[in-house]
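Notes for the one structure printed next.
Note that the numbering runs from 1 along the sequence shown for the chain.
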Amino acid sequence: MEKIPDFHRRLLAKQVNELFVFAPAAVAFSFIGSIVTVVVFYDTGELQKGLFWFLFATLVMFFRAVVAFGYRQQAKPVARPEDWARLMIVGNIFAGIQWGLLGTVLFPAEHNYRELFTVLVLTSYVAGSITAFSPVKWAHLAMAIPASLPSAIYIFWMRDGMNWLGGGMALFFIFCVLFFSYKQHEIVACRLKVELENEELLARSLETSSSLSVSNNELKTRTEIEQRAKLEAKARADQLGAHVSRTLLPIAECDRNLNVIEWNAAAEATLGYRHKDVRGQHLTSLLLPAENQLAGKPAIEKLLREDRASTIDIPLQTSRGQRIPMHLFFTPIQSADGVPTRVAVIMMKA
């Protein structure tokens with residue numbers, strides 16, 4: 001519950017909303033009972049008392065009806081549910097007083113059927129309204145206590161003297177009604193708590209799903225961008241490879257130890273060595289004539305150690321033993337982190 005934002009206010013809003021679901025029917029049934037009661041007053045010859053009581057009952061009904069109608073016009077959930085709960089409790093207090101008057105000051109002075117009618121009315125409205133008013137704490141008690149307790153005290157201890165057995169049982173029955181009202185309130189509150197927790201869990205699940213969907217879309221977009229970049233890089237590499245393989249200049253690509261890795265068609269045509277014959281062989285051992293091995297090989301290795309683009313003029317020996325004067329351009333090929341990994345050797349006839 002502590003993890004749910006504004007838990008208590010949201011729970012009260014649900015309780016108040018459920019209370020007002022029953023409010024129109026409760027007000028209507030109460031007013032119908034008021035009309036029947038004033039008819040009973042007329043039938044027992046006490047119409048004047050009945051009319052005064054009915055006027056008060058009409059005012060109570062009007063107040064409760066206005067509150068119920070006003071709540072129905074509010075956007076749900078309401079901003080201040082505690083205010084609407086208090087208004088309904090006040091209305092129930094007046095309704096309790098309304099019915100309590102029948103069992104006290106308006107209880108029949110002479111024995112007739114209105115005595116039994118009054119007891120039945122009080123019992124029916126007090127016990128029958130448990131379900132309607134149990135969602136909000138004190139809402140049912142606000143009506144039940146002023147309607148039943150003064151009536152029980154008056155009828156069994158004041159009107160005809162002290163009747164301990166009857167009065168004690170009446171109080172016990174009232175206690176039973178109030179006890180079940182309290183338990184029903186707890187049941188409703190627990191149900192609404194679970195409902196609220198489920199709503200919060202569902203909202204968080206939807207939020208997580210939405211966030212995951214956004215993350216997936218971002219990941220998909222990033223993956224597509226990376227794939228496009230890889231395709232573009234591959235296309236550039238393929239294009240560059242095609243240029244190198246088709247250029248008219250002899251080009252060899254060597255590792256850091258000057259062992260041949262790649263060998264283009266122009267190099268095959270110029271020097272007579274096929275790629276499969278030269279792959280893995282040391283460039284200087286393969287191409288330098290014997291008389292240039294002693295001086296040429298150290299000079300080339302020195303250029304490589306300087307780790308910069310450089311050139312050297314030196315004759316190269318073809319596969320047929322022919323010597324061709326060449327300009328050799330040595331260009332280190334660096335990786336993304338700047339570390340030289342290969343050497344490109346471009347050969348041009350001097």
Side-chain angles (χ1 to χ4, degrees), residues 11-38 52-74 76-78 80-107 118-154 170-171 173-189 191-192:
L11 176 61
L12 180 59
K14 282 185 167 293
Q15 292 173 302
V16 169
N17 189 66
E18 185 155 329
L19 173 69
F20 277 92
V21 168
F22 295 102
V27 172
F29 291 155
S30 179
F31 191 64
I32 291 172
S34 301
I35 295 174
V36 174
T37 300
V38 78
F52 282 115
W53 177 86
F54 184 72
L55 176 62
F56 177 68
T58 302
L59 294 176
V60 173
M61 182 277 299
F62 181 77
F63 175 81
R64 299 170 83 194
V66 168
V67 172
F69 179 78
Y71 179 82
R72 292 174 66 88
Q73 306 308 307
Q74 301 297 310
K76 308 300 184 298
V78 293
R80 293 182 57 83
E82 61 274 11
D83 292 343
W84 294 99
R86 293 190 189 103
L87 286 172
M88 181 56 72
I89 289 173
V90 170
N92 281 4
I93 291 174
F94 285 124
I97 295 173
Q98 164 195 329
W99 297 114
L101 290 173
L102 295 180
T104 53
V105 297
L106 296 179
F107 199 74
T118 300
V119 173
L120 289 176
V121 167
L122 294 176
T123 303
S124 299
Y125 279 112
V126 169
S129 59
I130 290 178
T131 301
F133 298 125
S134 61
V136 172
K137 192 175 184 180
W138 308 117
H140 180 259
L141 298 182
M143 192 274 290
I145 292 177
S148 60
L149 192 58
S151 299
I153 294 173
Y154 176 78
L171 293 179
F173 294 145
I174 293 173
F175 168 78
C176 290
V177 170
L178 300 183
F179 172 77
F180 286 117
S181 171
Y182 170 75
K183 298 302 290 186
Q184 181 65 22
H185 166 73
E186 281 194 332
I187 292 172
V188 173
R191 173 173 57 81
L192 295 178

Looking only at non-hydrogen atoms, find the nearest pair between [X] and [Y] and report the distance.
{"X": "Gly91", "Y": "Val60", "answer": "O-CG1, 4.1 Å"}
{"X": "Ser181", "Y": "His140", "answer": "OG-ND1, 2.9 Å"}
{"X": "Ile35", "Y": "Val38", "answer": "O-CG1, 3.1 Å"}
{"X": "Val16", "Y": "Pro81", "answer": "CG2-O, 3.5 Å"}
{"X": "Thr131", "Y": "Ser134", "answer": "O-OG, 3.4 Å"}

Name all residues meeting the side-chain hydrogen bond (donor to acceptor under 3.5 Å, both in side chains) criterion together with [X]; count only those two or more places apart in sequence or in a different chain, and write none if there are none.
{"X": "Lys183", "answer": "Glu186"}
{"X": "Arg72", "answer": "none"}
{"X": "Glu18", "answer": "Arg191"}
{"X": "Ser34", "answer": "Gln98"}

Sequence-distant partners of [X], ring pair (Phe, Tyr, Trp, His ring centres under 6.0 Å), two or more places apart:
{"X": "Trp53", "value": "Trp99"}
{"X": "Tyr71", "value": "Phe20, Trp84"}
{"X": "Phe22", "value": "none"}

For [X], all residues meeting side-chain contact (heavy atoms from CB on, under 4.5 Å), sequence neighbours excluded:
{"X": "Val90", "answer": "Phe63, Phe94"}
{"X": "Ile187", "answer": "Gln184"}
{"X": "Ala189", "answer": "Gln15"}

Output the distance between atom [atom1] ([X]) and atom [atom2] ([Y]), rounded to the nearest 0.5 Å.
{"X": "Met88", "Y": "Ile93", "atom1": "CE", "atom2": "CD1", "result": "12.5 Å"}
{"X": "Phe69", "Y": "Gln74", "atom1": "CZ", "atom2": "CD", "result": "10.5 Å"}
{"X": "Phe107", "Y": "Ser151", "atom1": "CZ", "atom2": "OG", "result": "8.5 Å"}
{"X": "Ile145", "Y": "Ile174", "atom1": "CD1", "atom2": "CD1", "result": "9.5 Å"}
{"X": "Ile89", "Y": "Phe133", "atom1": "CD1", "atom2": "CZ", "result": "11.0 Å"}
{"X": "Leu11", "Y": "Lys14", "atom1": "CG", "atom2": "NZ", "result": "9.0 Å"}

Given 3.5 Å as the limit, does a donor-acceptor pair link the side chain of [X] with the main chain of [Y], or not?
{"X": "Ser30", "Y": "Ala26", "value": "no"}
{"X": "Asn92", "Y": "Ala142", "value": "no"}
{"X": "Tyr125", "Y": "Phe29", "value": "yes"}

- Message: For Val126, run the side chain to side chain contact (heavy atoms under 4.5 Å, CB included) check against Val177, Leu149, Leu178 and tell me which one passes.
- Response: Val177
- With sequence neighbours left out, write down each residue that passes salt bridge (charged side-chain N to carboxylate O under 4.0 Å, His left out) with Arg80, or none if nothing qualifies. Glu82, Asp83
- Item | Residues which pass salt bridge (charged side-chain N to carboxylate O under 4.0 Å, His left out) with Lys137, listed by chain and number, not counting sequence neighbours | none
- Given side chains that start at C-beta, do those of Pro146 and Ile97 come closer than 4.5 Å, heavy atoms only? yes
- Item | Min side-chain heavy-atom separation Leu59-Phe62 under 4.5 Å | no
- Message: With a sphere of 6.0 Å drawn around CZ of Phe31, does it hold more than 12 non-hydrogen atoms of other residues, nucleotides or ligands?
- Response: yes
